[in-house]
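Encoded as structure tokens, the structure appears first; notes follow it.
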Amino acid sequence: MSLHLERERFLPSGLDTKLVADPGNGFWGSIYTALWERFGDPYWWPGRDAWEVAAGEVLTQNTAWTNVEQALVGLRERGWITADAIRLTDQDELAPVIRPAGYFNQKARKLKELAEWWGNRVESGAVESLGDDELRDELLALWGVGPETADAIACYALGRPLFVVDTYTQRMLARLRGLEERPSYDSIQSEVDEELPRDPMLLNHLHGLIVVLSKEHCTARNPQCGDCPLQARCVVGSQV
DNA sequence: ATCCGGGCCC
DNA sequence: GGGCCGGGAT
């Protein structure tokens with residue numbers, strides 16, 4: 001039943017895991033370096049091609065990846081793992097297949113909305129003439145695509161240098177700085193954009209590394225600070 | 001029993 | 001803030 005998607009990684013054309021810009025020695029650069037030295041290549045993001053990556057991002061909204069894998073198995077079994085197939089499949093037919101991913105009625109509609117856009121903009125090649133901000137705005141205009149999903153599709157499926165902020169990133173940063181409230185999506189993204197090079201592979205790695213950190217150390221409950229690679233630079237970790 | 005997910009829309 | 005969803009971990 002397992003797909004072992006975690007070791008299958010699609011990379012947009014032009015990207016190479018070994019060619020990554022220098023992250024520098026600033027706050028985010030040192031975070032990146034510390035995480036890379038501990039965990040290495042996070043193999044981010046799982047998927048076989050650009051559409052599968054994009055679909056996976058919708059399916060994983062507020063959902064554990066293990067549940068998304070089951071939904072992808074169902075889609076593959078039916079040959080519905082392409083944007084074209086999603087366009088040809090009724091929402092009512094699609095929903096039960098992706099049930100394991102949760103929120104299946106909403107996500108069925110979201111996949112169809114995204115598949116329409118995909119045909120008009122990606123398959124047509126028109127997306128290549130869009131700037132990063134224009135692309136992000138188009139994605140945000142789709143029903144079911146918010147900031148995280150828009151940035152994830154832009155970066156992991158389409159190779160744009162947009163940093164993806166998620167719950168893990170907000171929780172990690174709040175703990176690093178000892179903040180009561182989690183920093184906003186936009187504030188974190190702006191900070192990273194100003195400090196790190198606009199390199200899609202670097203931003204790809206950084207988010208993947210934060211996820212690994214958050215699953216192994218910076219968990220919601222009972223964080224494992226003892227051997228956390230960021231403990232020395234973390235307000236919460238330093239108090240443990 | 002409650003919490004928690006790679007959120008987003010209303 | 002509530003609803004969408006439901007399975008696995010405290």
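Every chain is numbered from 1 and lettered A, B, ... according to where its sequence line falls, protein lines coming before strand lines. Note that the coordinates shown come from a computational prediction; the quantities given were computed from them, not determined experimentally.
- Taking 4.0 angstrom as the limit, A:T167 places a side-chain polar atom (N or O) nearer than this to OP1 or OP2 of B:dG7.
- Each of B:dC4, B:dC8, C:dC4 was ranked by its minimum atom distance to the side chain of A:Q61; first place goes to B:dC8.
- A:D166 places its CG atom 14 Å from the C1' atom of B:dC4, with the value rounded to the nearest Å.
- In the set B:dC8, C:dC4, B:dC4, B:dC4 carries the atom at the smallest distance from any side-chain atom of A:R221.
- Phosphate contact (OP1/OP2 of C:dC5, side-chain N/O of A:N105, threshold under 4.0 Å): present.
- Residue-level contact check: A:P100 touches neither bases nor backbone, having no heavy atom under 4.0 Å from any strand.
- Remark: the separation of the P atoms in B:dA1 and C:dC4 is 22 Å, to the nearest Å.
- Residue A:V58 is out of contact with every strand shown, counting any heavy-atom pair closer than 4.0 Å.
- When each of A:Y43, A:W36, A:W28 is checked for a ring pair (Phe, Tyr, Trp, His ring centres under 6.0 Å) with A:H205, only A:W36 meets the rule.
- Across all strands shown, A:R109 has no heavy atoms under 4.0 Å from either base or sugar-phosphate atoms.
- A:W44 and A:Y156 have perpendicular rings, their planes meeting at more than 60° on a 0 to 90° scale where under 30° would count as parallel.
- In this entry the distance linking NZ of A:K110 with C1' of C:dG3 reads 12 Å, nearest Å.
- Among the nucleotides C:dC5, B:dC8, B:dC9, the one closest to any side-chain atom of A:Y103 is C:dC5.
- Computed from coordinates, the A:N62 CG to C:dG2 P distance equals 15 Å when rounded to whole Å.
- As rounded to whole Å, 16 Å separates atom P of B:dG7 from atom CD1 of A:I98.
- Note: CG (A:L111) to C1' (B:dC8) measures 14 Å, nearest angstrom.
- Between A:L142 and A:T60, it is A:T60 whose nearest contact on DNA chain B lies nearer the 5' terminus.
- A:L140 places its CG atom 13 Å from the C1' atom of B:dG7, with the value rounded to the nearest Å.
- Along DNA chain C, the nucleotide nearest A:N67 and the nucleotide nearest A:Q106 are compared for position; the residue whose nucleotide lies closer to the 5' end is A:Q106.
- Across B:dC4, B:dC8, C:dC5, the shortest atom-to-atom separation from the side chain of A:F104 is found for C:dC5.
- Here A:T149 reaches the OP1 or OP2 of B:dC8: one of its side-chain N or O atoms lies under 4.0 Å away.
- Atom CG of A:L59 is separated from atom P of B:dC8 by 13 Å (rounded to the nearest Å).
- Rounded to the nearest Å, the gap between the P atom of B:dC10 and that of C:dC5 is 14 Å.
- Looking at A:E113 and A:R109, a side-chain N of the basic residue comes within less than 4.0 Å of a carboxylate O on the acidic one, giving a salt bridge.
- Other residues, nucleotides and ligands place no more than 12 heavy atoms under 6.0 Å from the CG atom of A:D133.
- The distance from the NZ atom of A:K112 to the CG atom of A:D90 is 6.5 Å, given to the nearest 0.5 Å.
- Rounded to whole angstrom, the span from the NZ atom of A:K107 across to the P atom of C:dC5 amounts to 10 Å.
- For the residue pair A:D193 / A:S190, no side-chain donor-acceptor distance below 3.5 Å is found, with atom types taken as modelled.
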